[in-house]
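As the structure is a prediction and not an experimental result, all values here were calculated from the model. So you know, we letter chains A, B, ... as the sequences are listed, proteins then strands, and number each from 1.
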Protein chains: 2
Amino acid sequence: MKKKEEVILSQQCNLQIRAIKDTMELLSGKWKTQIIGTLLRNGTMQFMELKRTLHGISPKILSKDLQELEINQLITRTEKHTKPITVEYAITDHGRTLDNVIGEIIDWGLTHRNKIVGGSKISEDSNKPTD
Amino acid sequence: MKKKEEVILSQQCNLQIRAIKDTMELLSGKWKTQIIGTLLRNGTMQFMELKRTLHGISPKILSKDLQELEINQLITRTEKHTKPITVEYAITDHGRTLDNVIGEIIDWGLTHRNKIVGGSKISEDSNKPTD
DNA sequence: CAGGATCCTTTACGATACTG
DNA sequence: CAGTATCGTAAAGGATCCTG
């Protein structure tokens, strides 16, 4: 509960490697990039909306990742004064600059899958998206 | 030692989320993106060259990550019939298509650091690259 | 030189139950 | 609804030593 308050930046090494480290420290992991990508597409979303969209994520992890993204100034968290309290998450202007990165990640993922499928061995069985 | 032989692809979900998963499953982690970025810039490299460039990586992790990248057809591994055996690693044509992704990751990392530095709290101390 | 074997720590992630 | 608490597993990563 100490470093959690701090922005993450990498230490010394050449400029490009360091830039890769800086970015990947924020995007690495199973869910962070998906969260940002989802918020980029859908705009403001509530906790449960995110949980539903990112199907499979547990509330604990979603909560933790959202906090980290907020600390790193990529998203905002806003409590609404509603009956049962609701919270809205949205991309910041800074977070929005990840659009190009996410876009390339999506594009590459699509062509990569096209290349691999029809190739040979694949670890997961289903190839059809659900929505 | 079973799934190691298989290419990684994600299961069902919407197309863009799945694309993000596919890409990030290959790039997530502390070293993979750095390895690819390094090989993209420097061309063919030996094991020790990589280890020196990616300073801080242990031989075990480097070896493991290189194997995974090779399995996923992003790099090639070539043994040279030299006195003490040497091995050369290089990007494949498919791996080279990650150029745009890595490029965006580097660009974003650079501007992100510019934005954050001069801002407020930073976790690491040194801000100067070594080379 | 390349990289496997071993041991160990830490982090990530997951399931479930519970609270204001 | 939006999380936190608790518990548990698995993966990631690191240190070091060893070998063909």
Side-chain angles (χ1 to χ4, degrees), chain A residues 1-4 6 8 10-11 20-21 24-35 38-39 44-72 75-90 123, chain B residues 1-4 6 8 10-11 20-21 24-35 38-39 44-72 75-90 123:
Chain A
M1 291 284 178
K2 190 173 28 178
K3 279 194 130 177
K4 294 290 186 179
E6 300 171 348
I8 298 171
S10 303
Q11 68 292 53
I20 290 177
K21 281 175 160 179
M24 295 309 290
E25 276 181 292
L26 299 192
L27 298 187
S28 265
K30 189 168 179 179
W31 299 108
K32 298 239 185 72
T33 313
Q34 293 181 56
I35 292 172
T38 301
L39 284 174
T44 296
M45 295 180 78
Q46 297 183 354
F47 189 89
M48 280 309 276
E49 291 184 276
L50 277 166
K51 179 157 161 36
R52 249 178 280 115
T53 306
L54 277 40
H55 86 276
I57 196 171
S58 73
K60 172 185 152 190
I61 299 300
L62 179 54
S63 176
K64 179 184 125 293
D65 281 359
L66 286 170
Q67 285 173 25
E68 291 180 18
L69 293 175
E70 190 192 3
I71 287 170
N72 285 287
I75 67 173
T76 57
R77 176 185 180 281
T78 313
E79 292 191 9
K80 296 296 175 184
H81 316 313
T82 50
K83 303 273 287 336
I85 185 178
T86 58
V87 177
E88 301 203 322
Y89 290 94
S123 62
Chain B
M1 292 285 177
K2 190 173 28 178
K3 279 191 132 181
K4 294 289 184 178
E6 301 171 348
I8 297 171
S10 304
Q11 69 290 54
I20 289 176
K21 282 175 161 179
M24 295 309 290
E25 276 180 292
L26 298 193
L27 299 188
S28 267
K30 189 169 179 179
W31 299 107
K32 299 238 186 71
T33 312
Q34 294 182 55
I35 293 172
T38 300
L39 283 175
T44 296
M45 295 179 78
Q46 296 182 354
F47 189 88
M48 280 308 277
E49 290 184 276
L50 278 166
K51 181 156 161 36
R52 249 178 280 117
T53 306
L54 278 41
H55 85 277
I57 196 171
S58 71
K60 172 186 151 190
I61 300 299
L62 179 54
S63 175
K64 180 184 123 296
D65 281 358
L66 286 170
Q67 285 172 26
E68 291 179 19
L69 294 175
E70 189 191 4
I71 287 170
N72 284 287
I75 66 173
T76 56
R77 176 186 181 281
T78 313
E79 291 191 10
K80 296 295 174 184
H81 315 313
T82 49
K83 305 271 287 337
I85 184 176
T86 58
V87 177
E88 301 203 322
Y89 290 95
S123 62

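Considering only side-chain N and O atoms, Gln67(B) lies under 4.0 angstrom from the phosphate OP1 or OP2 of dG4(C). Within the 4.0 Å cut-off from OP1 or OP2 of dA2(D), not a single side-chain nitrogen or oxygen of Arg77(A) is found. Distances shown here put a side-chain N or O of Tyr89(A) below 4.0 Å from the OP1 or OP2 atom of dG3(D). Phosphate contact (OP1/OP2 of dT4(D), side-chain N/O of Ser63(A), threshold under 4.0 Å): present. The phosphate of dA2(D) (OP1 or OP2) has a side-chain N or O of Gln46(A) nearer than 4.0 angstrom.
Regarding Glu25(A), its CD atom lies at a distance of 14 Å from the C1' atom of dA12(D), rounded to whole Å. Rounded to whole angstrom, the span from the CE atom of Met45(B) across to the C1' atom of dA2(C) amounts to 15 Å. The interatomic distance linking Glu79(A) (CD) with dC1(D) (C1') rounds to 11 Å, in whole Å. Straight-line distance from the NZ atom of Lys83(A) to the P atom of dA2(D): 14 Å, rounded to whole Å.
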Table of protein N/O atoms under 3.5 Å from nucleotides 13-19 of chain D N/O atoms:
| residue | atom | partner | partner atom | Å |
| --- | --- | --- | --- | --- |
| dG13(D) | OP1 | Lys30(B) | N | 2.5 |
| dG13(D) | O6 | Lys60(B) | NZ | 3.1 |
| dG14(D) | OP1 | Lys30(B) | NZ | 2.3 |
| dG14(D) | OP2 | Trp31(B) | NE1 | 2.8 |
| dG14(D) | O6 | Lys60(B) | NZ | 2.0 |

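With hydrogens and angles disregarded, no donor-acceptor distance shorter than 3.5 Å links the side chain of Ser63(A) to the backbone of Pro59(A).
Between its opening and closing five pairs, the helix from dC1(C)-dG20(D) to dG20(C)-dC1(D) changes axis direction by 50°, a value rounded to 10 degrees.
For Lys30(A), there are no side-chain contact (heavy atoms from CB on, under 4.5 Å) partners at least two apart in sequence or on another chain.
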